[in-house]
Chemist: 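Sharing a structure below in structure tokens format, with a few things to ask.
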Amino acid sequence: MTEETTKILVTGACGQIGTELVPELRRRYGRENVLAADIREPREPLASSGPFVLADVTDRAGLARLIERHKIGTVYHLAAILSAKGEQDPQRAWIVNVEGLRNILELARAYGLRLFWPSSIAVFGPATPKENVPQETILCPTTIYGITKVAGELLCDYYFHRFGVDVRGLRYPGIISSEALPGGGTTDYAVEIFHAAVKEGRYTCFVREDTVLPMMFMPDAIRAAIELMEAPLAWLKHHANYNIAAMSFSAGELAAEIKRHIPEFICEFEPDPRQAIADSWPRTIDDTAAREEWGWRPRYDLKAMVEAMLKRLSERYALMPRVRAEARGEGEH
Ligand code: VAH
């Protein structure tokens, strides 16, 4: 990239992935070279950690002005409505997820941008094999979110072959993060359970105990996106639809691993409508293509992720009462 187009734009920066991707990009490429954007105002620490702009990915002209003004050369396009929330407003999910992506692809074509875009295991459906899902397989999702991700993968491939847009993407599994609560996903249970375990010692899980899903710890997810974007284009046979995996576990196995650290932790299981979404997704993924084409290797398994999550959340919640007390001027006497 030439000097004047080294800037990176992250859309959906306030979301679950963006909350941890933005700081890591800033650490690697410089605080001022990463512009965070979202449709909503950021909270701390994102708000004071570097440049931020309000942006609506359905407004192509507004995005074009932003790309020109800030001399953007690369976009991590994360803005999307997730699976459970998408089922509450399928029309909005299509507009944000597909029209938003189409805007970004058209701007990439016009301004020569490089793109990262997160696909998801949500592209798979009941007809997809449940175990070791191959890179090339049946994509018949039963959620609007999954349909938008299949459409997105096809659009990205078209823009690569028809217009030469260098767009890359990963079929992320459920992502577990300590820094941001997820919003509107089916795999949210695997994040909520940690907060409940640390704060209350009990959790009511909204999927069945035997529900197995592919999952990944956020540090692995962030590193995968950056390593894919830094890989030489000549290495890649696939582009925006890489299967990627780290671990698969059942809700019951996750609860049991948490219980090893918090023996008094109690988890009950009361499936809600998100169970049907989880049941449509596979249990394990074959990520050979990612491993062979750009050297993907996960670093966190269930044991290491649970240890890291509980350590981080215990620190965060331990700090919060003190911060609240100081804010009230009731500091320690
Ligand atoms: C969701 N967290 O639950 C997202 C993800 C594979 C699941 O795409 O909708």
Side-chain angles (χ1 to χ4, degrees), residues 12 14-21 76-90 92-94 96-98 100-101 116-126 128 130 133 137 139-153 169-195 205-208 211-218 220-222 224-225 240-251 254 271-287 290 298 305 309:
C14 297
Q16 187 193 23
I17 297 174
T19 299
E20 295 194 49
L21 176 65
Y76 284 76
H77 177 51
L78 309 179
I81 293 175
L82 299 183
S83 59
K85 199 166 165 200
E87 290 308 296
Q88 294 162 9
D89 188 349
R92 179 85 187 131
W94 179 269
V96 172
N97 295 9
V98 180
L101 174 60
F116 175 80
W117 170 76
S119 184
S120 161
I121 60 165
V123 297
F124 305 126
T128 308
K130 287 293 182 194
V133 175
T137 188
L139 305 182
C140 291
T142 52
T143 63
I144 188 66
Y145 173 69
I147 291 166
T148 68
K149 290 300 182 181
V150 171
E153 288 187 2
L170 301 167
R171 286 172 178 165
Y172 277 131
I175 298 177
I176 296 167
S177 60
S178 56
E179 304 312 305
L181 279 174
T186 299
T187 58
D188 295 0
Y189 86 85
V191 179
E192 292 172 357
I193 192 171
F194 285 98
H195 294 265
C205 181
F206 57 74
V207 294
R208 277 194 324 268
T211 304
V212 174
L213 287 171
M215 295 281 183
M216 182 177 288
F217 192 30
M218 184 63 83
D220 270 347
I222 299 298
N241 65 350
Y242 280 99
N243 281 7
I244 188 166
M247 52 185 138
S248 287
F249 51 74
S250 71
L254 177 57
D272 73 12
R274 287 170 283 190
Q275 183 67 53
I277 298 175
D279 288 342
S280 73
W281 292 343
R283 284 189 285 270
T284 58
I285 304 290
D286 173 357
D287 60 0
M305 177 273 290
M309 279 290 286

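Note that these values count all heavy atoms, side chains included, but never hydrogens, waters or copies made by symmetry. Counting convention: from 1, in listed order, for ligands and their atoms alike.
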Chemist: With respect to Asp188, determine whether any N or O atom, backbone or side chain, lies less than 3.5 Å from an N or O atom of ligand 1.
Modeler: no

Chemist: Tell me, do Lys149 and Trp117 make a side-chain contact under 4.5 Å, heavy atoms counted?
Modeler: yes

Chemist: Give yes or no for whether the N/O distance cutoff of 3.5 Å, strictly under, is met between Ser120 and ligand 1.
Modeler: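 Such a contact does occur with ligand 1.
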
Chemist: Of the protein's non-hydrogen atoms, which lies at the shortest distance from atom 9 (O) of ligand 1, and what is that distance?
Modeler: Ser83 OG, 2.6 Å

Chemist: Distance only, no hydrogens: is a donor on one side chain within 3.5 Å (strictly under) of an acceptor on the other, for Thr143 and Ser83?
Modeler: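 No.
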
Chemist: Are any of the N/O atoms in Tyr145 less than 3.5 Å from those in ligand 1?
Modeler: yes

Chemist: Counting each atom of ligand 1 from 1 as listed, which ones have a heavy atom of Gly185 under 4.0 Å away?
Modeler: 1 (C), 3 (O), 9 (O)

Chemist: Looking only at heavy atoms, what is the nearest atom pair of Ala221 and Ile175, with distance?
Modeler: CB-CD1, 3.9 Å

Chemist: Please could you name the atoms of ligand 1 that Trp281 approaches to less than 4.0 Å, counting only its heavy atoms?
Modeler: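 Per the distance check, 3 (O), 6 (C), 7 (C).
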
Chemist: Taking 4.0 angstrom as the limit, do Arg171 and Glu153 come out as a salt bridge?
Modeler: yes

Chemist: Please could you name the atoms of ligand 1 that Ile121 approaches to less than 4.0 Å, counting only its heavy atoms?
Modeler: 6 (C)

Chemist: Are Ile285 and Ile121 side-chain neighbours, meaning at least one heavy-atom pair lies under 4.5 Å?
Modeler: yes

Chemist: Using a strict cut-off of 4.0 Å, indicate which atoms of ligand 1 neighbour a heavy atom of Leu82.
Modeler: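 Result: 9 (O).
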
Chemist: Could an N or O of ligand 1 be found under 3.5 Å from any N or O of Thr187, whether backbone or side chain?
Modeler: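 Yes, Thr187 has an N/O under 3.5 Å of an N/O on ligand 1.
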
Chemist: I need the nearest protein heavy-atom contact for atom 3 (O) of ligand 1: residue, atom name and distance, please.
Modeler: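 Here the closest protein heavy atom is Thr186 N, 2.7 Å.
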
Chemist: Do you know which two heavy atoms are closest between Val191 and Ser177, and how far apart they sit?
Modeler: CG1-O, 3.6 Å

Chemist: Taking Pro173 as the fixed residue, which of Leu213, Ile244, Thr284 is the one that meets the side-chain contact (heavy atoms from CB on, under 4.5 Å) rule?
Modeler: Ile244

